[in-house]
Undergrad: 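Before anything else, here's the structure in question.
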2 protein chains.
Amino acid sequence: MSRNESPGRTVTSKVLAVLAAFDAGSRELSLTDLAQRADLPVATAHRLVGELLEWGALDRTTAGGYAVGRRLWDLGLLAPVNTDLRSVAAPFLQDLHAATRATVQLAVRDDDRALYVDRLSGSVSTPVVSRVGSRLPLHATAVGKVLLAHAPDAVRLRVLGSLTRHTPHTVTSPAILDEQLRRARRDGFATTAEEMSRGACSVAVPVCVGDEVVAALGAVVPDLRHGRPELVAGLRVASQGIGRRLALHAAR
Amino acid sequence: MSRNESPGRTVTSKVLAVLAAFDAGSRELSLTDLAQRADLPVATAHRLVGELLEWGALDRTTAGGYAVGRRLWDLGLLAPVNTDLRSVAAPFLQDLHAATRATVQLAVRDDDRALYVDRLSGSVSTPVVSRVGSRLPLHATAVGKVLLAHAPDAVRLRVLGSLTRHTPHTVTSPAILDEQLRRARRDGFATTAEEMSRGACSVAVPVCVGDEVVAALGAVVPDLRHGRPELVAGLRVASQGIGRRLALHAAR
DNA sequence: CGGTGTCCTTCCGTTGGACGGAACCTCGAG
DNA sequence: CTCGAGGTTCCGTCCAACGGAAGGACACCG
């Protein structure tokens with residue numbers, strides 16, 4: 001319906017199609033690639049790209065291709081997801097990271113996926129799955145489960161209906177996952193054990209403003225047995241701090 | 001010439017004008033505001049906004065206004081300024097912050113301004129001037145001076161020609177500033193003392209790939225006398241680390 | 001309770017800008 | 001030199017974008 005990738009009708013949709021060409025995560029594209037992905041004749045793409053370049057929405061790379069530009073980058077930073085949630089949460093992530101030495105992450109639900117809003121990993125670069133700004137499935141991550149557990153029924157049913165497998169440990173049974181979600185609601189936290197990628201387990205708690213869950217705060221650990229109670233407690237303290245500040249922020 | 005804010009001619013320019021309405025830093029705008037800033041009839045703005053909403057470039061806020069959307073936010077995260085520089089530098093900023101407890105910041109030069117690419121402040125939220133994504137003048141900040149010191153002559157002359165005052169301590173004499181820049185080149189670091197905002201002093205060093213300065217790394221401190229040599233040394237180590245990794249990254 | 005303001009939304013006839021096929025560069029490989 | 005794969009420019013046709021005007025929706029006020 002609205003996700004209609006119909007042959008670019010309005011000009012705006014063509015502009016957006018050009019930008020969306022980068023969505024897949026490609027950082028750099030040639031004009032022809034761009035045209036292909038946006039489903040536009042090269043000539044048209046060329047014109048649009050020209051205007052976008054002039055404005056700074058796109059930049060030329062050293063390799064001669066096109067990439068998302070600085071102007072678009074800093075524009076994106078004005079998004080509420082960044083200005084409110086992220087800036088409020090940042091110091092708490094810092095403290096939490098300092099205390100646990102674990103990779104901590106903050107995510108919100110965006111439709112049927114978990115959108116990673118911020119992440120803090122060890123000082124030595126550790127390979128992590130979740131790039132900030134990336135979207136991961138709700139059923140195979142700890143933050144995802146928390147978000148899913150408190151999502152509207154419509155969303156939950158939809159997600160439970162299509163559980164794709166990512167590792168041998170991914171939960172693909174709707175019944176089992178539903179039970180996990182129930183427990184998540186009861187206990188106030190959720191866990192995953194190598195369900196999204198091997199060697200990564202995580203724990204997450206909800207971030208609430210009033211009694212609405214607005215985000216999920218998680219930590220990645222090598223295994224779940226080691227010191228989980230302390231970790232959950234730490235996450236809770238941080239999440240409550242974030243929630244309280246957000247409430248103040250919103251009231252202003 | 002190209003910065004022509006002429007009455008929205010091409011459709012693309014109108015779309016961009018709508019987005020640019022947020023540039024000033026406004027996080028939330030009503031339709032009428034939007035139309036006014038973009039210099040468009042309300043009816044036209046309404047249609048464009050509709051398309052942008054559908055795509056996710058804009059979002060409605062709880063207050064009923066419009067704000068930059070999530071889709072645009074994560075798109076912006078694909079910009080090279082983010083993916084390369086920021087991700088490489090992040091762990092170093094972490095370490096530096098942990099070691100010094102100071103607010104550390106990373107900036108690149110964008111035309112005649114310093115664009116703040118990342119920032120790490122104390123765990124207790126400290127009011128800081130530089131929001132990530134914001135642009136500050138080159139002549140009144142430490143990172144700015146570093147960037148300016150290594151900028152092409154054309155830029156340096158242009159900036160030296162219009163030194164606007166921000167505090168009583170802002171250097172507004174081209175001669176004095178030029179001398180400071182010379183020293184910055186010689187010593188490999190620059191400082192500011194309450195030149196942008198009261199109570200904030202900072203020190204910065206260049207980040208080099210090969211012999212090109214690609215960014216500046218700075219730290220904010222309450223006063224300049226206390227332990228400056230150690231701070232500069234720390235900054236140097238981090239900046240060299242970042243430079244080395246960037247070089248590897250680019251070579252790949 | 002009708003008046004008056006502000007802001008949002010929809011409609012529709014006109015027209016000028018967008019469209020894209022085709023021709024033309026540019027460059028590197030064979 | 002030829003060939004091929006991008007990238008760039010041109011220009012006549014045509015239809016989608018335009019925006020004035022009119023019609024809600026809501027709030028505040030006398």
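In what follows, chains are A, B, ... by sequence order, proteins preceding strands, each numbered from 1.
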Undergrad: Does a side-chain N or O of B:K14 approach OP1 or OP2 of D:dA16 to a distance below 4.0 Å, or not?
TA: no
Undergrad: How long is the gap from CG on A:L163 to OG1 on A:T170, to the nearest 0.5 Å?
TA: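 A:L163 atom CG to A:T170 atom OG1 measures 9.5 Å (nearest 0.5 Å).
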Undergrad: Quick check on D:dG19: is either OP1 or OP2 less than 4.0 Å from any side-chain nitrogen or oxygen of B:T44?
TA: yes
Undergrad: So, do A:V108 and A:V207 sit near enough that their side-chain heavy atoms are less than 4.5 Å apart?
TA: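 Answer no - side chains too far apart.
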Undergrad: Going by an N to O cut-off under 4.0 Å, is there a salt bridge joining B:R156 and B:D153?
TA: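 Between B:D153 and B:R156 there is a salt bridge, with a charged N closer than 4.0 Å to a carboxylate O.
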Undergrad: Distance check needed: D:dA5 C1' versus A:Q36 CD, whole Å only.
TA: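 One finds 12 Å between C1' of D:dA5 and CD of A:Q36, rounded.
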Undergrad: Using 4.0 Å as the upper bound for N to carboxylate O, is an ion pair formed by A:R135 and A:D111?
TA: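 No.
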Undergrad: Sugar-phosphate atoms are those with a prime plus P, OP1 and OP2; base atoms are the rest. Using that split, label each nucleotide of nucleotides 7-14 of chain C B, S or - for protein heavy atoms under 4.0 Å, 5' to 3'.
TA: SSSB----
Undergrad: Is a salt bridge present between B:D23 and A:R71, judged by a nitrogen-to-oxygen distance below 4.0 Å?
TA: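 Judged by the 4.0 Å cut-off on N to carboxylate O distance, B:D23 and A:R71 do form a salt bridge.
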Undergrad: Looking at the side chain of A:P41, which of D:dA17, D:dG20, C:dG20 is the nearest nucleotide?
TA: C:dG20
Undergrad: Does the side chain of A:V81 come within less than 4.5 Å of A:D110's, by heavy atoms?
TA: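 They are not in contact (no side-chain heavy atoms under 4.5 Å apart), so the answer is no.
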